[in-house]
4 protein chains.
Amino acid sequence: MAHTVREKSKLIARVRRIRGQMEAVERALESEKGCSDVLQLIASVRGAMNGLTAEVMEDHIRFHVVDPAREADPDRAKGAEELIDVVRTYLK
Amino acid sequence: MAHTVREKSKLIARVRRIRGQMEAVERALESEKGCSDVLQLIASVRGAMNGLTAEVMEDHIRFHVVDPAREADPDRAKGAEELIDVVRTYLK
Amino acid sequence: MAHTVREKSKLIARVRRIRGQMEAVERALESEKGCSDVLQLIASVRGAMNGLTAEVMEDHIRFHVVDPAREADPDRAKGAEELIDVVRTYLK
Amino acid sequence: MAHTVREKSKLIARVRRIRGQMEAVERALESEKGCSDVLQLIASVRGAMNGLTAEVMEDHIRFHVVDPAREADPDRAKGAEELIDVVRTYLK
């Protein structure tokens, strides 16, 4: 995992943001905020988790299966590009 | 939110477990574990987030809408009970 | 279920649209359309299923638990309103 | 799409089963079955849609990106195998 220094930093930054969002959920529970507020915060974490999942899957495709930007076979390059689009659509 | 001391503690314990799981995701990225391992850890967090969401929604129904255990109107009690089952089914 | 004639017709219309979308998926497979096209059609069905689920849950809350528009107790009315919003947010 | 006769038939059979399940949802609404029954039927359709989505994605990976069973490069074969496992885990 974490196939380039830049990719690794981006993913770790995403994880840290999610950890910060989870702390906000904990504080909201501690201070007895309304359920709606808590569920709103949880919905943001879920969205951020989807984004993280999509990025890790995309990296996996690029670094361990087929990287559309470097693939010599144009059919495979197109297939991998479409797959990355699909992963993004389904995890949006 | 957090309608009884016991419920509040249970929810906070769940949030802390998820925070611990997110730290494991971060460590896996830092130590350049394989993508599959990272995605496995992320899948566990997603499952735990679903459990947390279901529990907060269930508490909201019981404390702010209709608590099946205390409702005088049997139709409402049954409706709320079914709703809680549905929330659990859909977030499992 | 289907608590008023109008609600019943709306839900059945939604189900029929989804059945039409599933026929489009079948035709796309029969005519050997590209995977991306098929997955795009499937993504639309999933979105439409989420909309149907949210509407059935909302109807259940209104007709069998608490209808915010008719509830005498303002706290329950607010709780049910928030619950309906949450169901919509999570199934969007 | 539908890369072999056998795969095509399997996918079309899945779609037809889902169409049958949607007809059951429509009948349940027509005959004014309880919300819980309707939501149970809808949950089955959602599960079946996940299965269909996973199978179409898996076919896309095998036929248009990398087929682990035929790939000469062992790293790519392993990467594609892991990706298929991940798709199944996330859409289960």
Side chain / backbone / both / neither for C:Leu83 at chain A, heavy atoms under 4.5 Å: neither
What one should report as the nearest heavy-atom pair of C:Tyr90 and A:Leu39 is OH-O, 2.7 Å
When rounded to the nearest 0.5 angstrom, what is the spacing between CD in A:Glu81 and OG in C:Ser36? 10.0 Å
Atom pair OG1 (C:Thr89) and CZ (A:Arg46), whose distance is rounded to the nearest 0.5 Å: 11.0 Å
